[in-house]
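First up is the structure itself, then whatever we jot down about it.
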Amino acid sequence: MPNYWLFKSEPSSFSLDDLKSRPDATEHWDGVRNFQARNFLRDQVQVGDQVLFYHSNTAEPGVVGIAEVVRSGYPDFTAFDPNSKYFDPKSSPERPTWYMVDVRFVRELPRPVTLAELRTIPELSGMALLNRSRLSVQPVREEEWERIMRLAGL
DNA sequence: GCCAACGTTGGC
DNA sequence: GCCAACGTTGGC
C-alpha cells in the first residue's frame with residue numbers, strides 16, 4: 001500500500017512540465033529546507049508512494065499532476081555545494097541536515113484542481129494544505145487522495 | 001507588489 | 001528557554 005503525499009513547487013522554478021521533460025521524467029526533489037518537511041522526506045516517504053504535484057505562488061495555485069517516488073530519502077547534496085542556492089554550511093556529508101527523494105512524472109490531471117476549489121470541499125477541510133499552508137511536503141490521506149482524483153476527473 | 005502567517009535565529 | 005526580530009512562503 002503506497003502512502004500519499006502532496007509536494008509543492010513554484011512552477012516558475014520547477015513545474016510539472018519540467019518534471020515530465022527530464023531524462024526518464026525523473027528528478028531530485030531537492031532544496032527542502034524546513035525541518036518538518038525534511039522529517040517526512042527522510043523517514044516516511046517510500047518508493048512507490050504517490051504524490052500530488054502542487055503549483056504554488058502562481059496565478060491559479062492547485063494540484064496539477066501526479067508523480068511517483070522512485071528513490072526514498074537520502075542526503076540532499078545541494079546543501080554541500082557552496083555554489084548552490086540551497087547551500088547550507090551546517091550540513092555535511094558526514095552529518096547531513098537535509099534530505100531529498102527522487103520522483104518520476106506519472107501524469108497530468110485531466111484538469112487542475114485549484115486551491116480555491118479544494119477549500120470548498122468539506123471532506124478536505126482537514127488537509128494540511130488548508131491549515132498548515134506553508135508545509136511544502138505533507139501527507140495526504142487515502143480518502144483525500146480519492147476525492148481529489150474524482151474532482152480532477154479520474 | 002503587498003502583506004499575513006509562521007518558521008528560524010540569536011540575544012539574553 | 002523565552003521571545004523579539006527577521007526572513008520566507010505563498011495567496012491574493
Side-chain angles (χ1 to χ4, degrees), chain A residues 3-22 27-45 49-69 72-103 105-141 143-145 147-154:
Chain A
N3 290 312
Y4 299 105
W5 305 93
L6 182 147
F7 287 8
K8 290 188 205 173
S9 186
E10 299 192 17
S12 59
S13 65
F14 188 71
S15 69
L16 183 67
D17 278 345
D18 292 331
L19 178 62
K20 187 179 182 178
S21 61
R22 287 290 190 268
E27 184 56 284
H28 311 306
W29 203 264
D30 59 15
V32 172
R33 295 292 179 267
N34 165 282
F35 287 103
Q36 194 177 1
R38 184 279 312 268
N39 292 346
F40 286 130
L41 293 176
R42 186 188 59 190
D43 304 332
Q44 291 189 239
V45 177
D49 286 359
Q50 301 294 113
V51 175
L52 296 173
F53 198 111
Y54 179 89
H55 279 171
S56 65
N57 209 4
T58 186
E60 279 275 80
V63 179
V64 294
I66 298 171
E68 179 175 356
V69 177
S72 61
Y74 63 105
D76 181 345
F77 49 71
T78 64
F80 312 143
D81 176 5
N83 296 316
S84 169
K85 65 176 170 173
Y86 299 125
F87 177 58
D88 179 355
K90 293 199 288 250
S91 185
S92 66
E94 296 72 32
R95 296 191 48 191
T97 306
W98 306 114
Y99 283 72
M100 60 184 172
V101 300
D102 292 354
V103 297
F105 175 86
V106 172
R107 65 172 300 160
E108 188 174 358
L109 296 183
R111 65 177 196 88
V113 180
T114 66
L115 176 62
E117 187 176 2
L118 292 170
R119 286 194 197 285
T120 68
I121 311 295
E123 303 97 288
L124 300 180
S125 61
M127 285 187 73
L129 182 70
L130 308 181
N131 302 297
R132 310 275 327 284
S133 64
R134 298 188 49 186
L135 191 58
S136 65
V137 171
Q138 51 181 264
V140 171
R141 294 187 312 183
E143 314 86 79
E144 294 166 343
W145 176 278
R147 191 72 184 83
I148 292 168
M149 292 302 104
R150 266 195 291 142
L151 289 168
L154 287 172

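Computation of the quantities below employed the complete heavy-atom set of this structure, encompassing side-chain atoms and omitting hydrogens, waters and symmetry-equivalent molecules. Chain identifiers are assigned alphabetically (A, B, ...) following the order of the sequence lines, protein sequences preceding nucleic acid strands; residue numbering begins at 1 within each chain.
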Polar side chain donor-acceptor pair, A:T78 to A:R33, under 3.5 angstrom: yes

5′-ward residue of the pair A:N57/A:R134 relative to DNA chain B: A:N57

Side chain to side chain contact (heavy atoms under 4.5 Å, CB included), paired with A:V137, selected from A:L41, A:V51, A:V101: A:L41

Contact boundaries on DNA chain B for chain A, cut-off under 4.0 Å to non-hydrogen atoms: B:dA5 to B:dT9

Under 3.5 Å donor-acceptor, A:R111 side chain and A:G153 backbone: no

Mutual orientation of the aromatic rings belonging to A:Y74 and A:F77 [parallel < 30°, tilted 30-60°, perpendicular > 60°]: tilted

Plane angle bin for A:W29 and A:F53 - parallel if under 30°, tilted between 30 and 60°, otherwise perpendicular: perpendicular

